[in-house]
Amino acid sequence: MQIFDKKFNKNNISIKTILFLIKKYKTPFWLYCAENIKNKILQLKKFDTIRFAQKSCSNINILKIMRYEGVKVDAISLGEIERALTAGYNPKKNNDIVFTSDIFDKQTLKRIIDLNITVNIGSIDMIHQLGSISKGHNIWLRINPGFGHGHNKRTNTGGETSKHGIWYTDLKKSIYLIKKYNLNLIGIHMHIGSGVDYYHLQKVCNSMLNNVLKPYMPKIDIISAGGGLSIPYKERDIKVNTDHYFKLWNNTRNIINNFFKKNIKLEIEPGRFLVAESGILICQVCAIKNIKKKRFVIVDAGFNDLIRPVMYGSYHYISAISSKGKDMSNDLKINTIVAGPLCESGDIFTQLDNGEISYFMLPIVNLGDYLIFHDTGAYGASMSSNYNSRPLIPEILIENNIPKIIRRRQKIQELINLELF
Ligand code: LLP
């Protein structure tokens, strides 16, 4: 079996498989490897509960893998609740689904009450809205500890410029209201952003203690460490040490156990860590332009498919396979600007977070060759749009060496039909 780009191919996918799938489904498409996801789940098994932040990859077939592997699920919209239900999650069972948000809309609130879904509350208004119509409802509080940290300022979810969570000095008032409405507080949750380092992690653990070890705090059952675990997008990026991560949180939990004189559960809520490295995006080179000293390679996937580079300046390693199926990873490489087909000048995959163009050392590709964007399993397909009236592209899952389509390509007519009355 000939593997492409042995150095960066984290899923050992063969060139033969890629070419077979290209022939069958045409480019561009997403490809995931189930074994990679299962392996990542195993790395977090020390936590009592792993809850998948499905916004990172919300395909119901990925959710089914999570469910079979004993992973629970987070939902942040009505759509995500319905996805979780379709994937077989049972809201009545052990907090299978937790709804995390800073707001309720009427439709979502009704569904949550009908199904008795636990709510991770992110604003005081939500306490009033739920408490006044659903006595005894199980809730968590999401606390904004007063600081945050993210791989980019747009993924920082704590501190005074973040809209997320209940500001920590409002905790006492929240507990008062929870008691007044007879809501059942079972968990305290903190998520300060995506791409947490150990310094900030320790700070979050300390803050969890500062907030929970209070005389007015009811005896909760769970603390949640949120998500945010990073993955190595670049070769030199360091892998997160999950044992260390667990150790810090476990110490925190043990102190809380002592305080309440009971054993509470420790949850973790990752998205990226579980799915990012399982996914790749495969596309084809459609045009090459040389402008002065700049070389543009334009492919058939755009930021409507993969928006991370445009939105955050995110880096995704790119490999190339020739149209004839040759692995080009050892070919001579040159500085290349990789662009998409959209009618918008920012549709460039190689850019910094301030929008400035950067380059990728890409093999010298020709028209018809294929490019592969790595580590796109998280916030790839789930952040896609129909911009430029481009249909959503297929998602394919390889499990036990068998590829299976888990989302077909959207038809242009399906887009148009939404507007025909
Ligand atoms: N829990 C909560 C409450 C969250 O808001 C998030 C992510 C997670 C868990 C999972 O975070 P993760 O483990 O995946 O870092 N689109 C951005 C990431 C935005 C994350 C939003 N919330 C990106 O592509 O990097």
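For reference, positions follow the sequence shown, starting with 1. One-based numbering, in listed order, for ligands and for the atoms of each.
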Which ligand 1 atoms does [X] reach within 4.0 Å, using its non-hydrogen atoms?
X	result
G227	9 (C), 13 (O)
P270	13 (O)
R142	3 (C)
G271	10 (C), 12 (P), 13 (O), 14 (O)
A53	8 (C), 9 (C), 10 (C)

query = Which side chain to side chain donor-acceptor pair (under 3.5 Å) pairs, counting each pair once, include a residue from residues 346-362, with sequence neighbours left out?
reply =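 Matches after skipping sequence neighbours: none remain.
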ask   = Does anything in residues 64-90 pair up under side chain to side chain donor-acceptor pair (under 3.5 Å), and if so which pairs, sequence neighbours excluded?
value =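 Qualifying pairs, neighbours excluded: D74-T100, E82-R111.
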Answer side chain, backbone, both or neither: which part of [X] comes under 4.0 Å from ligand 1, heavy atoms only.
X	answer
S56	neither
R272	both
E269	both
M383	side chain
Y312	side chain

ask   = What is the distance from atom CD1 of I13 to atom CD1 of I18, rounded to the nearest 0.5 Å?
value =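 So the CD1 of I13 and the CD1 of I18 are separated by 5.0 Å.
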ask   = Would you say the side chains of N417 and Q413 form a donor-acceptor pair under 3.5 Å?
value =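 A pair is found: one side chain offers a donor N or O, the other an acceptor, under 3.5 Å apart.
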message = Can a side-chain donor-acceptor contact be found between Y168 and N210 if the only test is distance below 3.5 angstrom?
response =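 Result is no, nothing qualifies.
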Heavy-atom closest contact (H316 atom, D375 atom, distance) =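 Minimum heavy-atom contact is CE1-O, 3.2 Å.
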Closest heavy-atom pair and its distance - N9, I3 =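 Here N9 and I3 meet closest at ND2-CG2, 3.3 Å.
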inquiry  = Measuring from non-hydrogen atoms of H164 to any atom of ligand 1, is the shortest distance under 4.0 Å?
reply    =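 It does not; every heavy atom stays at 4.0 Å or beyond.
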query = Does G228 have a heavy atom less than 4.0 Å from any atom of ligand 1?
reply =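 Contact present.
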task = Answer yes or no: is there a donor N or O on one side and an acceptor on the other, between the side chain of H137 and the main chain of I117, under 3.5 Å?
result =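 It does hold such a pair.
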Given N59, T376, I406, the one that forms side-chain contact (heavy atoms from CB on, under 4.5 Å) with W30 =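 It is T376, the one option of N59, T376, I406 that forms the side-chain contact (heavy atoms from CB on, under 4.5 Å) with W30.
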For [atom], closest protein heavy-atom neighbour:
atom	answer
atom 25 (O) of ligand 1	H151 NE2, 2.7 Å
atom 8 (C) of ligand 1	H191 CE1, 3.4 Å
atom 15 (O) of ligand 1	S194 OG, 2.4 Å

ask   = atom 20 (C) of ligand 1: which of Y379, F52, F273 has the nearest heavy atom?
value =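 Shortest heavy-atom distance from atom 20 (C) of ligand 1: Y379.
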R308, M311, H189, K55: member with heavy atom nearest to atom 21 (C) of ligand 1 =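 Answer by nearest heavy atom: K55.
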task = Please indicate whether I412 has more than 12 foreign heavy atoms, meaning atoms of other residues, nucleotides or ligands, lying under 6.0 Å from its CD1.
result =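 Incorrect, the count does not exceed 12.
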inquiry  = Are there over 12 heavy-atom neighbours, none belonging to K179, within less than 6.0 Å of that residue's NZ?
reply    =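 Yes, NZ of K179 has more than 12 neighbouring heavy atoms, counting only those of other groups under 6.0 Å.
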